[in-house]
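Note that these values count all heavy atoms, side chains included, but never hydrogens, waters or copies made by symmetry. So you know, we letter chains A, B, ... as the sequences are listed, proteins then strands, and number each from 1.
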Amino acid sequence: MNPSKEPDNHELQRVSKLSDEELVKRVVSLKDASAYGILYDRYAEKIYNRSLRFIPIREEAQDLTHDLFIKLYYKLKLFQGQSSFSTWLYSFTYNFCLNYLNRKHKVKQEKEQEFTDQLHDAPEEIDDTELMELKAEKLKAALSQLEVNDRAILLMKYQDEFSVKEIAQTLEIGESAVKMRINRAKKRVLEEYKNLRQ
Amino acid sequence: MRNPFKELLENEKLPDLIKTKVMKDINLINLSIDLADLFLVKNPDIIKTILDDELDLRDKKDISPTQKNDPNSTDNE
């Protein structure tokens with residue numbers, strides 16, 4: 001009988017009941033791998049499913065999820081608790097996916113995008129009710145036709161319900177630029193949706 | 001209000017193998033950090049302490065024997 005095994009299990013049970021924020025503190029201060037394993041169990045599938053929206057090939061999305069969790073281990077100390085851990089983590093996930101795709105496909109960088117934001121006139125304001133009436137299956141197909149930055153901003157806003165401020169912090173751009181991009185992405189997704197009907 | 005974006009949420013399972021790989025890499029990272037800490041932070045401190053002690057000992061030896069109160073030397077006389 002190993003007497004040291006029992007307290008370990010008790011400790012693991014105790015740690016597994018901790019909140020996300022307490023687990024993060026534990027990982028950062030003690031480099032506790034078991035606490036990190038609990039965070040992984042809570043979020044890995046949510047992150048995997050979010051990355052699948054950008055990388056539809058399963059194996060590639062799985063590799064990206066692995067790489068994200070390795071990078072996250074180093075970056076956990078940057079979590080300040082200003083938002084909930086899940087919001088911070090999803091923001092980290094969006095950035096990670098966008099950077100991955102930008103590197104891979106050499107999509108226009110954010111800075112260039114910001115510059116073009118200033119050049120283009122703001123499109124006419126589109127009401128959300130028009131988006132909410134769309135059929136999910138067709139919306140999925142229309143979203144897949146969009147450029148990744150447009151897709152990401154729509155998913156952040158309408159699926160993960162990020163505020164404009166949170167999107168601005170995630171993309172490191174101004175709030176007015178976020179509003180402009182959301183409106184432009186809405187216009188584009190509606191165009192793609194209408195094209196699918198034809 | 002109905003939100004079609006929420007209906008797009010998928011529930012794909014992530015293979016257990018990914019967790020095994022992540023945890024293996026995390027343990028390797030922790031080991032590397034501990035080793036780096038040992039060799040780059042703790043060991044130099046230990047060596048510095050040993051060298052300082054050594055120098056202190058030498059300084060003591062360098063002091064002339066007449067200045068020392070060596071009980072053995074008086075015994076021999």
Side-chain angles (χ1 to χ4, degrees), chain A residues 27 30-41 43-53 56 58-59 61-74 76 128-144 151 154-161 189 193, chain B residues 1-64 67-72:
Chain A
V27 174
L30 304 173
K31 287 189 278 152
D32 183 349
S34 61
Y36 196 66
I38 295 163
L39 277 178
Y40 178 96
D41 290 339
Y43 287 102
E45 278 183 7
K46 289 171 184 162
I47 285 176
Y48 173 53
N49 281 296
R50 274 165 180 79
S51 63
L52 273 172
R53 298 175 205 160
R58 282 193 182 86
E59 288 75 16
Q62 286 167 9
D63 284 348
L64 182 125
T65 307
H66 166 270
D67 294 350
L68 185 146
F69 269 96
I70 300 301
K71 191 173 179 187
L72 179 68
Y73 188 70
Y74 289 107
L76 268 186
D128 280 354
T129 48
E130 201 176 341
L131 276 182
M132 297 304 136
E133 284 163 4
L134 303 180
K135 288 195 174 80
E137 274 307 303
K138 276 189 176 176
L139 174 63
K140 190 178 176 183
L143 280 171
S144 69
R151 197 186 317 157
L154 287 175
L155 292 173
M156 276 188 247
K157 173 90 174 104
Y158 297 105
Q159 201 171 67
D160 289 321
E161 295 177 344
V189 79
Y193 189 90
Chain B
M1 192 180 183
R2 177 186 162 266
N3 181 349
F5 285 88
K6 296 275 184 195
E7 293 169 36
L8 300 180
L9 282 169
E10 290 172 62
N11 204 14
E12 282 255 1
K13 290 276 167 211
L14 186 62
D16 291 341
L17 177 73
I18 305 295
K19 184 179 180 183
T20 312
K21 276 163 78 177
V22 167
M23 296 318 291
K24 201 174 147 191
D25 288 347
I26 294 300
N27 286 327
L28 193 66
I29 289 165
N30 279 345
L31 180 68
S32 313
I33 293 170
D34 287 346
L35 284 175
D37 184 54
L38 181 68
F39 287 107
L40 300 174
V41 181
K42 293 200 173 103
N43 260 11
D45 282 351
I46 293 166
I47 292 167
K48 190 176 174 290
T49 314
I50 292 169
L51 285 174
D52 285 350
D53 288 353
E54 190 76 16
L55 284 171
D56 283 352
L57 211 69
R58 250 186 232 170
D59 287 347
K60 278 179 189 169
K61 274 184 184 171
D62 285 347
I63 298 170
S64 75
Q67 287 172 303
K68 278 186 180 176
N69 290 327
D70 188 353
N72 289 332

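Judged purely by atom type and a 3.5 angstrom limit, A:Gln159 uses its side chain to pair as donor or acceptor with the backbone of B:Phe5. Without hydrogens or angle criteria, A:Asn49 side chain to B:Leu9 main chain gives no donor-acceptor distance under 3.5 Å. Judged by distance alone, with hydrogens and angles left aside, the side-chain atoms of B:Asn30 form a donor-acceptor pair with the main-chain N or O of A:Lys31 at under 3.5 Å.
Residues passing the salt bridge (Lys or Arg N to Asp or Glu O under 4.0 Å) test with A:Lys71: none are found, sequence neighbours excluded. Residues that satisfy the salt bridge (Lys or Arg N to Asp or Glu O under 4.0 Å) test with A:Asp63, not counting sequence neighbours, are absent from this structure. With sequence neighbours left out, the ring-ring contact (aromatic ring centres under 6.0 Å, His included) criterion links A:Tyr36 to A:Tyr73.
Residues B:Ile18 and A:Tyr40 meet the side-chain proximity criterion, which asks for heavy atoms closer than 4.5 Å. Within the 4.5 Å cutoff, no side-chain heavy atoms of A:Leu131 are placed close to those of B:Asn3.
If you measure heavy-atom distances from A:Asp67 to chain B, you find no contacts under 4.5 Å at all. Both the backbone and the side chain of A:Tyr158 come within less than 4.5 Å of a heavy atom in chain B. Using a 4.5 Å cut-off between heavy atoms, A:Leu52 touches chain B through its side chain atoms alone.
In B:Glu12, the CD atom is crowded: over 12 heavy atoms of neighbouring residues, nucleotides or ligands sit closer than 6.0 Å. In this structure, B:Asp53 places its CG atom where more than 12 heavy-atom neighbours from other residues, nucleotides or ligands lie under 6.0 Å away.
One finds a salt bridge joining B:Lys6 and A:Glu161 here, because a Lys/Arg side-chain nitrogen approaches an Asp/Glu carboxylate oxygen to under 4.0 Å.
The two residues B:Pro4 and A:Ala136 make their nearest non-hydrogen contact at O-CB, 4.0 Å. Between B:Arg2 and A:Lys135 the shortest heavy-atom distance is NH2-CA, 3.9 Å.
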Inset, instruction - Determine, stepwise, if the pair B:Glu10 / A:Lys140 fulfils side chain to side chain contact (heavy atoms under 4.5 Å, CB included). - result: CA-CA 11 Å; B:Glu10 290 172 62; A:Lys140 190 178 176 183; 3.9 Å; yes
Inset, instruction - Let me see the working for B:Leu17 and A:His66 under side chain to side chain contact (heavy atoms under 4.5 Å, CB included), right down to the final yes or no. - result: CA-CA 10 Å; B:Leu17 177 73; A:His66 166 270; over 6 Å; no
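Chain B forms the most heavy-atom pairs under 4.5 Å with one residue out of A:Leu154, A:Ile70, A:Leu143, and that residue is A:Ile70. Heavy-atom pairs under 4.5 Å with chain B peak, among A:Asp160, A:Asp128, A:Asp41, at A:Asp41.
Against chain A, the residues from residues 19-26 of chain B that qualify, each with a non-hydrogen atom under 4.5 angstrom away, are B:Lys19, B:Lys21, B:Val22, B:Met23, B:Asp25, B:Ile26 in number order.
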